[in-house]
Every structure is written in structure tokens, then in C-alpha cells.
Undergrad: 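Structure incoming, see below.
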Amino acid sequence: MNRSLLYIGLFLMIAFAACKKDDSHPFDKSPNDRMQELLDSYQATFVNAQYGWRAVVFPDSGKSGGYTFYWKFTNDNRVTMYADIYPSTIDQSFESSYRMKGLQQPALIFDTYSYLHILSDPNANVNGGTMGKGLLSDFEFAVDTVTKDSVKLTGRYNASRAFMVPATQQESQDFAASFGNAMDFENIANLTTYFKRLVLGSNQFDISVNLSTRTITFSWVEGGVVKTFTTGYFYSNGKVVLAQPFTANGITITDFSNINYDAPNSVIHVTAAGVSGQIQGSGQPLLIDANAPQRWYQAVLSQDSYWYSFTGFTVEGQQDAYGITTIPNFYYLIFWPSFGTNYDLTGFVVVVNNSSLSISYGLATGTPPTFTSDGRVIFTELGFVGTIPPGEQAIFDNTAAKFTDPSGFYLVQTGRQAYDMVSAKDGKAWISWQY
């Protein structure tokens with residue numbers, strides 16, 4: 001009986017072995033060959049777009065607004081591009097190289113310096129981003145989806161989002177003209193007050209625009225409370241397009257169109273939510289945060305710490321208006337509550353021996369400062385500490401005079417550990433603090 005079972009088992013094993021197919025190569029091509037075919041197919045799609053491609057790149061995992069590019073690819077791995085980063089990059093083409101590579105999934109790599117690399121440059125002076133990181137953008141992208149009408153890419157290091165669509169004939173012939181007057185929006189930097197007011201009929205919103213990260217923060221009053229909404233934006237077809245629509249007070253804003261900068265009157269005319277309106281400077285916010293000055297002061301007083309600013313005062317849109325960054329070995333300006341037994345200190349900090357920080361000199365003001373019921377903080381000058389070099393006297397005097405302006409300052413909280421201190425006199429001077 002056992003022997004019969006053994007024979008039956010052997011028979012089944014032999015039969016199974018005879019029927020089993022060799023599936024060690026289920027495909028007729030190797031993985032490398034299949035990847036290369038896919039890369040070749042994608043490259044052909046990129047190259048064969050008659051007028052090239054219009055691309056929008058959203059740095060920092062899509063958290064920032066977008067930069068618009070024009071890309072024209074060739075079969076010999078060259079790409080010609082324009083970009084709306086600077087006026088020169090809009091008007092002047094730049095040729096560099098690219099390649100397709102299989103890196104677990106197909107990748108589009110811009111492998112020599114180009115306009116795209118400007119967004120990734122770690123020098124913040126190049127792109128207005130963070131020192132050492134730039135705008136957290138990418139120049140190597142994983143290819144997510146490709147059709148003849150659109151391409152979706154994801155940055156391999158900073159997860160930038162990028163979208164490509166076939167360019168129009170006009171974009172291929174005159175990239176700059178395709179923006180119309182949309183770039184007039186950049187003149188918001190020329191409005192000389194800290195607060196910018198968007199007026200659309202009976203609706204009013206304070207807006208804060210970061211031209212480097214291309215983000216807009218809307219502030220409005222609802223139920224006696226200030227609310228805020230931040231979104232990225234990009235330029236397209238003569239419009240400023242919001243990455244996420246903004247809805248408040250019964251209207252929804254998806255974009256700004258019909259943009260026109262009126263320099264003599266310092267106004268930007270726009271159309272939004274179907275209403276003609278304008279963006280203009282304002283000396284005050286829509287609603288003053290009356291408790292912000294004391295929150296600002298107590299935040300570092302309770303830590304026996306200080307606020308710092310790398311650039312000092314911006315005046316009428318000019319950053320570092322008094323030139324504190326020209327001080328030899330300057331590091332930052334600080335405000336230290338109760339630095340002395342009877343004074344607060346606004347100190348000029350420098351680097352000593354290339355390794356340590358030292359307060360070179362500073363302005364002494366009464367402690368605590370005056371906090372008014374209408375939401376201002378006022379500093380009273382007591383004198384100065386330290387020795388002020390003759391060549392830096394004007395820098396100190398101008399900074400001290402602005403700091404002790406009797407009109408005082410509003411405080412605007414911009415982050416958990418960040419405030420902007422804005423002149424209550426006219427809103428035309430401000431300093432950004434962090435700790």
C-alpha cells in the first residue's frame with residue numbers, strides 16, 4: 001500500500017515537472033531594455049511637441065507658488081529655456097543640457113546649470129530663499145505621468161511639483177509677450193507702506209506678498225476677528241493665478257486679471273471675482289492687534305532672551321535702509337528686554353575672531369517700553385552703551401532715531417517666533433524680528 005502511494009507520488013511529481021514551463025524570463029526583454037524603451041518614448045514626446053512646453057514649477061513640495069518656464073527639447077539632449085524669474089530670464093533664452101535616466105522610475109534631469117537651477121541655488125541672494133537651501137526646488141524630476149497633452153513631474157530631493165503642457169506658438173516666439181501685464185503685479189514691492197490693501201467694491205482685504213516664494217496672505221475681519229489665508233500663485237496667460245482659491249465675505253478669488261500698475265498714484269489696478277478693484281498702500285492694518293506688542297515683549301523677556309534681525313529697518317521698501325549690514329563683521333541687530341537693571345538694549349552684534357559673537361554697542365531705552373491702549377509700543381531713549389566707531393555713527397543715529405520715533409510701532413505676528421514691527425506714523429518703515 002505504501003509502495004503504491006510512493007509510485008503515485010513519483011508519477012505526480014514527474015507529470016508536474018513535465019508540464020512546468022520555464023518562466024524565468026516572463027518578458028521577452030530585460031528590465032533594462034524595457035526601461036530604456038520607456039525613456040526613449042518619453043523623450044520623443046518631449047522633443048516632438050511642435051512649439052515646446054510651458055512648465056510651472058512649484059518648489060518646496062508645492063508649498064510655494066510657481067515659476068513659469070518655457071522648455072524646447074532636442075534629440076541631442078539640449079534644452080532651450082526661458083523663465084519668469086527675472087526680467088532677463090524672460091527676455092533672453094538659455095541653452096543647457098538634459099538627459100533621461102532610469103532611477104527606479106524614469107527621471108528627467110537638467111544636468112548643467114540653467115535657469116531652473118536658480119531656484120535651487122543655496123545662495124539666498126540669488127533667489128530670495130533661505131541661505132544654504134535656496135527655494136527648496138529641484139532640477140532632477142521623477143516622471144509621474146506623460147501624455148501628449150500634459151506631463152506631471154515630482155522633484156527627487158525637495159519634492160517640487162512640476163506640470164508641463166504644450167506651449168502655444170506665441171509662447172515659442174515671444175515668451176515675454178505671453179504674460180501680458182501680469183508681471184505688473186511685481187510692482188507691489190514699490191508700494192511704500194508695509195500694509196497693502198486690496199479693495200474690491202465694498203470688500204477690503206490686507207494682502208502680504210512674498211515675491212520670492214510667490215505666496216499671498218489675505219487678512220480680513222470676520223466677526224471682529226482677523227482671519228488669514230495663504231496660498232501660492234503663478235503667472236499664466238496675463239493673469240496672477242492662485243494655487244488655491246480664496247473665499248471670504250461671499251466672494252471667491254481665483255486670479256487677478258487686467259493688471260495695470262499706476263506708478264504716479266502708487267496703485268495696482270486689478271480685476272478679481274468679476275469686480276474691478278485696486279491694491280494700494282495703507283498706514284494701518286484693517287484691525288490692529290492691540291495685544292501684539294506686549295506678547296512680543298514678554299515672549300523673550302520670559303526666556304531672558306532677545307529678538308534679532310539680520311537687516312534692520314526697511315524704509316519705503318528699501319531693505320536695510322540704514323546700511324547696518326555694511327558694518328565690518330556685522331552679524332545681527334538684537335532687542336534684549338531688561339538687559340540692564342533699568343534699560344532695554346537694541347544692540348549691534350558682530351563676529352569676533354571668526355568664532356564668537358559680541359555686542360559692539362547699542363541703544364539703551366527705558367524698561368519696559370510704553371504700551372498704549374490702541375496697540376502701539378513706544379520706546380524712550382536713555383542713551384547708548386559701548387563705543388561707536390566714527391564711521392558707523394550715522395548708521396547708529398538713523399537706527400536709533402527711527403526706533404525711538406514718538407509715534408511708536410504696531411506689531412504684526414508673522415509666525416510662532418516671528419513678528420514685524422511697523423511704524424505707526426505712516427506704515428513706511430518696519431523691521432522683522434525672530435528668535
Side-chain angles (χ1 to χ4, degrees), residues 35 37-85 89-90 93-103 105-120 135-179 182 214 232-244 255:
M35 173 61 77
E37 282 190 350
L38 189 58
L39 295 174
D40 292 343
S41 171
Y42 287 170
Q43 181 164 335
T45 300
F46 298 158
V47 170
N48 292 336
Q50 182 177 3
Y51 300 115
W53 296 84
R54 176 166 57 88
V56 181
V57 178
F58 296 87
D60 193 13
S61 306
K63 298 173 187 175
S64 299
Y67 285 83
T68 302
F69 289 79
Y70 171 81
W71 292 332
K72 179 65 174 176
F73 299 94
T74 68
N75 260 327
D76 58 352
N77 297 104
R78 306 298 292 176
V79 56
T80 299
M81 66 176 66
Y82 295 87
D84 66 355
I85 303 172
T89 63
I90 293 177
S93 66
F94 189 94
E95 183 178 307
S96 59
S97 63
Y98 78 95
R99 59 193 168 105
M100 305 296 302
K101 188 173 183 179
L103 300 171
Q105 71 180 98
L108 170 61
I109 300 173
F110 296 82
D111 55 0
T112 56
Y113 198 86
S114 68
Y115 289 157
L116 185 61
H117 291 71
I118 293 174
L119 306 183
S120 302
L135 293 174
L136 293 173
S137 193
D138 290 280
F139 45 85
E140 294 187 9
F141 295 91
V143 182
D144 298 324
T145 58
V146 175
T147 71
K148 66 177 183 179
D149 297 319
S150 66
V151 177
K152 180 180 178 182
L153 310 170
T154 301
R156 296 190 62 243
Y157 297 99
N158 293 305
S160 300
R161 294 164 54 216
F163 302 91
M164 299 165 53
V165 297
T168 64
Q169 185 174 7
Q170 181 191 23
E171 287 170 327
S172 69
Q173 295 173 343
D174 192 341
F175 181 71
S178 69
F179 289 96
R214 293 197 172 172
Y233 68 89
F234 61 96
Y235 299 110
S236 179
N237 299 321
K239 299 179 180 181
V240 175
V241 181
L242 304 188
Q244 292 85 35
D255 58 58

Undergrad: Tell me the salt bridge (Lys or Arg N to Asp or Glu O under 4.0 Å) pairs involving residues 152-164, sequence neighbours left out?
TA: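 Sorted result for residues 152-164: Glu140-Arg156.
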Undergrad: Can you give me every donor-acceptor pair (side chain of residues 58-65, partner residue at least two apart or in another chain, under 3.5 Å) with its distance?
TA:
{"from": "Ser61", "atom 1": "OG", "to": "Asn158", "atom 2": "O", "distance (Å)": "3.2"}

Undergrad: With a 4.5 Å heavy-atom cut-off, do Leu103 and Ile109 have their side chains touching?
TA: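 Result yes, sub-4.5 Å side-chain heavy-atom pair found.
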Undergrad: Please find the pair of heavy atoms, one from Asp138 and one from Ala159, that lie closest to each other, and give the distance.
TA: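 The pair with the smallest heavy-atom distance is OD2-N, 3.4 Å.
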Undergrad: With distance as the sole test, does Tyr98 use its side chain to make a donor-acceptor pair with the main-chain N or O of Thr74 at under 3.5 Å?
TA: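 It does hold such a pair.
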Undergrad: Measure the shortest side-chain to side-chain distance between Thr68 and Val56 over non-hydrogen atoms and say whether it is less than 4.5 angstrom.
TA: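 Yes, at least one pair of side-chain atoms sits under 4.5 Å.
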Undergrad: With rounding to the nearest 0.5 Å, note down the distance linking CE in Met81 to CZ in Phe69.
TA: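 One finds 7.0 Å between CE of Met81 and CZ of Phe69.
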Undergrad: Could you tell me if Ser97 and Thr112 have a donor-acceptor pair between their side chains, going purely by distance under 3.5 Å?
TA: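 Yes, because at least one side-chain N or O of Thr112 sits under 3.5 Å from a partner of the opposite role on Ser97.
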Undergrad: Verify whether one side chain among Ser114 and His117 offers a donor that lies under 3.5 Å from an acceptor in the other.
TA: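 His117 and Ser114 do have a side-chain donor-acceptor pair below 3.5 Å.
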Undergrad: For Ala49, does its backbone N or O pair with a side-chain atom of Lys72 as donor and acceptor, under 3.5 Å?
TA: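 Yes.
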Undergrad: Evaluate Gln50 against Ser172 for side chain to side chain contact (heavy atoms under 4.5 Å, CB included), listing each step before the verdict.
TA: CA-CA 9 Å; Gln50 182 177 3; Ser172 69; over 6 Å; no
Undergrad: Can you give me the closest heavy-atom contact between Ser93 and Thr80, atom names plus distance?
TA: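 Where Ser93 meets Thr80 most closely, the heavy atoms are CB-CG2, 3.9 Å.
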Undergrad: Run Val240 and Tyr235 through side chain to side chain contact (heavy atoms under 4.5 Å, CB included) and show every step you take.
TA: CA-CA 5 Å; Val240 175; Tyr235 299 110; 3.6 Å; yes
Undergrad: Looking at Thr45 and Lys148, would you say the former's side chain and the latter's main chain have a donor-acceptor pair under 3.5 Å?
TA: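 No.
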Undergrad: Considering only NZ, NE, NH1 and NH2 on the basic side and carboxylate oxygens on the acidic side, decide whether Arg214 and Asp84 come within less than 4.0 Å.
TA: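 Salt bridge between Arg214 and Asp84, a charged N being under 4.0 Å from a carboxylate O: yes.
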Undergrad: Keeping to residues at least two apart or across chains, list the ring pair (Phe, Tyr, Trp, His ring centres under 6.0 Å) pairs with something in residues 149-176.
TA: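 Every pair satisfying ring pair (Phe, Tyr, Trp, His ring centres under 6.0 Å) with a residue in residues 149-176: Tyr82-Phe175, Phe175-Phe179.
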Undergrad: Just wondering, do Leu135 and Tyr67 contact through their side chains at under 4.5 Å, heavy atoms?
TA: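 Heavy-atom side-chain distance check passes, below 4.5 Å.
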